[in-house]
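This structure is a prediction, so every number in the text was calculated from the model and none was measured.
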Amino acid sequence: MTSKTRSRYSSNWDTIALEVKSKSDWKCTRCGIQCLRPTDKRDGLNRRERSIKTLVVHHWNYLPEDNRVENLAALCSGLCRIHVVEVLL
């Protein structure tokens with residue numbers, strides 16, 4: 001993420017993102033896959049598996065400034081995050 005892009009996020013974005021991920025119990029809200037918690041061991045997972053099981057917080061309207069609960073979703077970095085981006089392109 002560039003510094004210009006990062007500047008669009010609120011100063012407490014890390015806390016907001018952690019809350020969204022915790023509320024979803026670290027599961028993708030689209031496919032339900034159990035993603036990795038910060039304390040989970042990653043031994044035995046290859047790079048691709050780690051990537052797929054990484055939970056990210058998505059802004060439905062693509063505005064990082066809009067942190068309303070209904071605008072945020074916890075999505076796996078696998079097909080769900082990719083699918084959301086592709087649908088809108």
Side chains of [X] and [Y], heavy atoms from C-beta outward: is any pair under 4.5 Å?
| X | Y | value |
| --- | --- | --- |
| Ser77 | Leu55 | no |
| Arg8 | Leu63 | yes |
| Val57 | Lys21 | yes |
| Leu45 | Leu36 | yes |

Go through the steps to decide whether Arg6 and Asp14 satisfy the test salt bridge (charged side-chain N to carboxylate O under 4.0 Å, His left out), and finish with yes or no.
-> CA-CA 11 Å; Arg6 180 71 180 166; Asp14 292 338; 3.7 Å; yes

side-chain hydrogen bond (donor to acceptor under 3.5 Å, both in side chains) partners of Asn46, counting only residues at least two apart | none

Heavy-atom closest contact ([X] atom, [Y] atom, distance):
| X | Y | result |
| --- | --- | --- |
| Cys76 | Ile52 | CB-O, 3.5 Å |
| Trp26 | Gln34 | O-NE2, 3.0 Å |
| Ile16 | Ser10 | CD1-OG, 3.6 Å |

Pairs in or reaching into residues 52-61: which pass salt bridge (Lys or Arg N to Asp or Glu O under 4.0 Å), with residues at least two apart or in two chains?
->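 Of all non-adjacent pairs touching residues 52-61, none passes salt bridge (Lys or Arg N to Asp or Glu O under 4.0 Å).
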
Ignoring hydrogens and angles, tell me if any N or O in the side chain of [X] forms a donor-acceptor pair with the backbone of [Y] under 3.5 Å.
| X | Y | result |
| --- | --- | --- |
| Arg37 | Cys35 | no |
| Ser24 | Ala74 | no |
| Arg30 | Cys80 | no |
| Thr54 | Arg50 | yes |

If you group Ile, Leu, Val, Met, Phe, Trp and Tyr by side-chain heavy-atom gaps below 4.5 Å, do Leu72 and Tyr9 land in one group?
->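 Yes, one cluster joins them.
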
Output all residues satisfying salt bridge (charged side-chain N to carboxylate O under 4.0 Å, His left out) with Asp43, sequence neighbours left out; order by chain, then residue number.
-> none

Between NE2 of His58 and OG1 of Thr29, what distance do you get to the nearest 0.5 Å?
->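 Reported value, rounded in 0.5 Å steps: 9.5 Å.
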
Could you grab the distance from atom CG of Leu75 to atom SG of Cys28, nearest 0.5 Å is fine?
-> 5.0 Å

Per the side-chain hydrogen bond (donor to acceptor under 3.5 Å, both in side chains) rule, which among Asp66, Asn67, Asn71 passes with His59?
-> Asn67

Arg68, CZ: over 12 other non-hydrogen atoms inside 6.0 angstrom =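 For Arg68, atom CZ is crowded (more than 12 foreign heavy atoms under 6.0 Å).
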
